[in-house]
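Single-structure report; data block below.
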2 protein chains.
Amino acid sequence: MDVRTLCLGALTLGDATGYEIRKMFEDGVFSHFLEASYGSIYPALTRLTEEGLVTCHSEQQEKRPDKKIYSVTAKGRTAFTEALLEPLAEDKFRSEFLFVMLFAHLLTPERVKGLIDEKLSEHKELAERLSGPADIGTPAADFIKDFGAVVHQASVDYLEKNRHKVEAIAGAPSSRAHAPQQDEDAAPSASPDKNKDRRQKELARIR
Amino acid sequence: MDVRTLCLGALTLGDATGYEIRKMFEDGVFSHFLEASYGSIYPALTRLTEEGLVTCHSEQQEKRPDKKIYSVTAKGRTAFTEALLEPLAEDKFRSEFLFVMLFAHLLTPERVKGLIDEKLSEHKELAERLSGPADIGTPAADFIKDFGAVVHQASVDYLEKNRHKVEAIAGAPSSRAHAPQQDEDAAPSASPDKNKDRRQKELARIR
DNA sequence: AGGGGGTATATAGGACCGATATAGGTCTTG
DNA sequence: CAAGACCTATATCGGTCCTATATACCCCCT
């Protein structure tokens, strides 16, 4: 499902400019489960217009750049409802936070605490924002919002209950840079066999 | 944080081939919060080698393509621990499922039920996999895994308790294609003022 | 014997993001 | 009241990354 389809869906909720669509992704209805940038929205709208799925009428306001307001056409509505029937991509979650936390033993407790505080307030803010009043975009909007609120609240709860564990790891001795260096750092060791052995163990550990 | 840094982190956990790194993202330690494809991993390893952050020794097995095993250098370790101190990108969640659910009123109850069943078993499988035995990559690996398990379990609980709401929306009358079409479908209406008015209302509704 | 799936590397093409440019408007605060 | 910060609004370039594909050989099952 590419940005073109996403824009089509956005316009199904009401006519809008590229700027307004972008805001739906940044602040609005879509903000907690989708992203799209100007760099993809504007080209998408151009192509949708070429394909006859949307129309565009410019509204010029004095001394301002034209406002291009896009509307879905009947053809666009059809195309969109058809797109909704196609198989969906899996949900994706990307967290550099968790990646860094995985290496807590290389960090200072202060760094770990700082990152968790940050993440915690992010989740709190989102849980807050999504449990807000039921201003509605579609009948299902409440269902979607509450879902988000619940998940973010679960994150908050987990972090508050378990943060001491990672913080302890970061604080533990023999972690970090001052720990004694291993022998094989600068170049592959002279003994490939030994190296391979160690590698096997490490891989077993990882999986 | 680009794929180069991610690969560096992966190699910090033990020497590996490009193929093995890819598996860490697909099945392994990173799988539930990161993604990276061959198309980015192989070029990343090449560049890391050029920059002296990793080394590569080929292990040729009879009648098989060379296996290129990569190892972090001291320089690579330093670069990685420094990368861990830089500001992190926000967590990202992308869900076409939620996007489609937002338009439940355009779908049949069967479609909605099918999608929820699918999503439910995805979450269940992940919750299961992440609450599994504590096979460890780093000291913090348990913390990260449990976090994932908790969040996926929260999703399962929410979907099971609330699925009837969206399913009811999809089943409700006056939804979908057979509903009477609005007047303004094919082209922008003849009255721009009226159009603008309606647009304002719709935008108010969305926010 | 043949197909399916696993190991393993590599690249071309396209989708998308991040940053930047432009340009005027409104709000804030010293 | 004026300077600076932020908002509206469109647009594009460079670079990163994913998808799909190609290659090549193995093992296992039927």
Side-chain angles (χ1 to χ4, degrees), chain A residues 1-7 15-28 30-31 34-50 54 56-70 86-94 96 199-200 203 207, chain B residues 1-7 15-28 30-31 34-50 54 56-70 86-94 96 199-200 203 207:
Chain A
M1 190 164 298
D2 55 20
V3 177
R4 265 180 29 255
T5 311
L6 266 26
C7 288
D15 300 355
T17 67
Y19 183 75
E20 285 164 342
I21 292 177
R22 160 71 201 181
K23 274 197 304 187
M24 295 187 205
F25 289 97
E26 206 193 319
D27 296 318
F30 302 145
S31 59
L34 285 179
E35 273 187 65
S37 68
Y38 289 127
S40 53
I41 290 172
Y42 282 114
L45 290 172
T46 306
R47 259 196 73 183
L48 286 170
T49 308
E50 284 164 10
V54 307
C56 168
H57 82 109
S58 291
E59 188 169 287
Q60 70 227 49
Q61 34 209 351
E62 300 123 37
K63 293 204 176 184
R64 283 274 204 123
D66 296 10
K67 213 177 190 176
K68 293 189 183 175
I69 300 169
Y70 292 89
E86 259 160 54
L88 305 181
E90 271 191 16
D91 287 1
K92 257 180 223 176
F93 174 60
R94 182 188 167 95
E96 298 190 356
R199 196 178 129 259
Q200 289 305 326
L203 278 174
R207 284 177 198 144
Chain B
M1 192 164 298
D2 56 20
V3 177
R4 266 177 34 250
T5 312
L6 264 27
C7 288
D15 300 356
T17 67
Y19 185 74
E20 285 163 342
I21 292 177
R22 160 72 202 183
K23 274 198 305 188
M24 294 187 207
F25 289 96
E26 205 193 319
D27 297 317
F30 302 145
S31 59
L34 284 178
E35 273 188 65
S37 67
Y38 290 129
S40 53
I41 290 172
Y42 283 114
L45 290 171
T46 306
R47 258 195 73 182
L48 285 170
T49 308
E50 285 165 9
V54 308
C56 167
H57 80 109
S58 292
E59 189 169 288
Q60 69 227 49
Q61 33 209 355
E62 299 121 38
K63 296 204 175 182
R64 282 275 203 119
D66 296 11
K67 211 178 193 178
K68 295 190 183 174
I69 300 168
Y70 293 89
E86 259 160 54
L88 305 182
E90 272 192 15
D91 287 2
K92 257 180 224 178
F93 174 60
R94 182 187 167 96
E96 298 190 355
R199 197 178 129 259
Q200 288 306 327
L203 278 173
R207 286 181 195 141

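By convention in this document, chain letters (A, B, ...) are assigned in the order of the sequence lines, proteins followed by strands, and residues within each chain are numbered from 1.
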The side chain of B/Y19 is closest to which nucleotide in this list: D/dC18, C/dA8, C/dC17? C/dA8
Rounding to 10 degrees, work out the angle separating the end axes of the helix from C/dA1-D/dT30 to C/dG30-D/dC1 (five pairs an end). 40°
Does [X] have any side-chain contact (heavy atoms from CB on, under 4.5 Å) partners at least two apart in sequence or in another chain, and if so, which?
X	result
A/E96	A/R94, B/M1, B/L88, B/A89
A/T46	A/E50
B/Y38	B/Y19, B/R22, B/Y42
B/F25	B/L6, B/I21, B/F30, B/L34, B/A36, B/I41

Measure the CZ-CG distance between A/R47 and A/D2 for me, rounded to the nearest 0.5 Å.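 Rounded to the nearest 0.5 Å, the CZ-CG separation comes to 7.5 Å.
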To the nearest 0.5 Å, tell me how far A/Y70 OH sits from A/D15 CG.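 Here the rounded value is 12.0 Å.
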Under 4.0 Å from any atom of DNA chain D, heavy atoms only: list the residues of residues 37-48 of chain A that qualify, in numerical order.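 Under 4.0 Å from DNA chain D: A/Y38, A/G39, A/Y42.
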Please report, rounded to the nearest Å, how far the [atom2] atom of [N] is from the [atom1] atom of [X].
X	N	atom1	atom2	answer
A/E20	D/dT10	CD	P	8 Å
B/Y70	C/dA8	OH	C1'	11 Å
A/D2	D/dC18	CG	P	17 Å
A/I21	C/dC17	CD1	P	14 Å
B/L34	D/dC17	CG	P	12 Å
B/K67	C/dT7	NZ	C1'	8 Å
A/D27	D/dC6	CG	P	15 Å
A/E96	D/dC17	CD	C1'	14 Å

Chi angles and distances behind the side chain to side chain contact (heavy atoms under 4.5 Å, CB included) call for B/I69, B/H57: CA-CA 6 Å; B/I69 300 168; B/H57 80 109; 3.9 Å; yes
In terms of the nearest nucleotide of DNA chain C, which residue is placed more toward the 5' end: B/G18 or B/R94?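 That would be B/G18.
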Is the phosphate of [N] approached by [X] (side-chain N or O, under 4.0 Å from OP1 or OP2)?
X	N	value
A/T17	D/dT8	no
B/K23	C/dG6	no
A/K92	D/dC18	no

Using side chain to side chain contact (heavy atoms under 4.5 Å, CB included), reason through A/L48 and A/C7 one step at a time and then give a plain yes or no. CA-CA 9 Å; A/L48 286 170; A/C7 288; 4.0 Å; yes
CD (B/E26) with more than 12 external heavy atoms under 6.0 Å: yes
